[in-house]
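Structure, as structure tokens:
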2 protein chains.
Amino acid sequence: MATTTAAQRRAQARVDYDAFLAVCPSRQLLARISDKWVGLVLCALGGSDPTMHAAEAVEGPRAMRYSELARRIAGVSQKMLTQTLRALERDGLVVRTVTPTVPVTVHYELTDLGRSLHLVMRDLKGWAEANMEEVFANRDAHDARA
Amino acid sequence: MATTTAAQRRAQARVDYDAFLAVCPSRQLLARISDKWVGLVLCALGGSDPTMHAAEAVEGPRAMRYSELARRIAGVSQKMLTQTLRALERDGLVVRTVTPTVPVTVHYELTDLGRSLHLVMRDLKGWAEANMEEVFANRDAHDARA
DNA sequence: CAGGATCCCGCTAGATACTG
DNA sequence: CAGTATCTAGCGGGATCCTG
């Protein structure tokens, strides 16, 4: 095949790239944290509604059912929600509790580790809320000059 | 058309979804921060090498040239690097300085706003480094039971 | 040297339908 | 209720070529 060379070069490049990433495990953690939905799930289970960033410290971490989470986050597909929850469970950030009632009941809850991460995320969210206006002002100013 | 109904429902759903996202600007900030390369660029310009998370506090924020950044991050394509830098500049997180020498010289540097974000990111990175082992242990244990 | 333009692949997220 | 399975489109992101 004529494209073999190109394909192989690509594959090799890919391997090198992945290897580079693999040497620094913090990248993987960063990737996990940076996930689009992880932050939202964390906020939901942590008791801070991302859409209501005013009085969020009132309610502490709590267990939530699957459908509760789905409603709270509102915009996530059940596929992504399940996927995110599974990943978080795998990393020991949430616990999944199945209660074998007639229609099965499943609860999700933050672990201690998950709660500690939630605190850090809160700070990040705090920064975002505090500096939102400035960022948007900069953005508008920049776009206006374009 | 027979599919109009379905298509319209989709379009409407899409609008609702976007509207929901739009009402909470913190989501947009979160998205910006969650970007794959933003964190790395921030770390690079902030003086903390993501691959060397041990003694990072020694060097403070500094200006870097485009090619310097490209080498430091090593794995980013110039497209993504440029794209990321432009986005950060737009949001007022970095400043881009062009020095019209014979081969043009361009420096990138954190703004005050960028530095403040960098501090928060550092905490996040700190959490990741501190809890990496526990997360990976959980992950292995979970995979083992599978 | 810094970056714009273009092409194109792969993966991921979302929609839909089915199950225990 | 709480998922699983499958299909597909869209786009993130890389390679390549070109410019000032």
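Throughout, protein chains are lettered first and strands after them, A, B, ... in sequence-line order, and every chain is numbered starting at 1.
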How long is the line joining [atom1] of [X] and [atom2] of [N], in whole Å?
X	N	atom1	atom2	value
B:Met64	C:dA2	CE	P	11 Å
B:Lys36	D:dG13	NZ	P	6 Å
B:Tyr66	D:dG20	OH	C1'	15 Å
B:His107	C:dC1	NE2	P	13 Å
B:Glu68	C:dG3	CD	P	13 Å
A:Asp35	C:dC11	CG	P	17 Å

Do [X] and [Y] have side chains that approach each other closer than 4.5 Å (heavy atoms only, starting at C-beta)?
X	Y	value
B:Leu45	B:Leu69	yes
A:Leu85	A:Leu81	yes
B:Val76	B:Leu40	no
B:Arg86	B:Gln83	no

Exercise. Give, ordered by number, those residues of residues 77-88 of chain A having at least one heavy-atom distance below 4.0 Å to an atom of DNA chain D; if nothing qualifies, reply none.
Key: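 Residues of residues 77-88 of chain A that come under 4.0 Å of DNA chain D are, in numerical order, A:Gln78, A:Thr82, A:Arg86.
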Using only side-chain N and O atoms of [X], determine if any of them is under 4.0 Å from OP1 or OP2 of [N].
X	N	value
B:Arg96	C:dG3	yes
A:Arg65	D:dC1	no
B:Ser67	C:dA2	yes

Identify each donor-acceptor pair in which a side-chain atom of residues 131-138 of chain A lies under 3.5 Å from a protein atom, sequence neighbours left out, and give them as a table.
from	atom 1	to	atom 2	distance (Å)
A:Asn131	OD1	A:Trp127	NE1	3.2
A:Asn138	ND2	A:Glu134	O	3.2
A:Asn138	ND2	B:Asp91	O	3.2

Quiz item: Residues in side-chain contact (heavy atoms from CB on, under 4.5 Å) with A:Gln78, at least two apart?
Solution: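 With neighbours one apart ignored, the set is A:Tyr66.
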Quiz item: Listed by chain and number, what are the salt bridge (Lys or Arg N to Asp or Glu O under 4.0 Å) partners of A:Arg71, not counting sequence neighbours?
Solution: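 A:Arg71 satisfies salt bridge (Lys or Arg N to Asp or Glu O under 4.0 Å) with no residue once adjacent residues are dropped.
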Exercise. Identify, with sequence neighbours excluded, every residue that meets salt bridge (Lys or Arg N to Asp or Glu O under 4.0 Å) alongside B:Arg115.
Key: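 So B:Arg115 forms a salt bridge (Lys or Arg N to Asp or Glu O under 4.0 Å) with B:Asp112.
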Quiz item: What are the two closest heavy atoms between A:Thr105 and A:His107, and how far apart are they?
Solution: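 Shortest heavy-atom contact: CG2-CE1, 4.0 Å.
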Self-check item: Helix axis bend for the helix from C:dC1-D:dG20 to C:dG20-D:dC1 - C1'-based end axes, five pairs, 10° rounding
Solution: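 Inter-axis angle at the ends, rounded: 50°.
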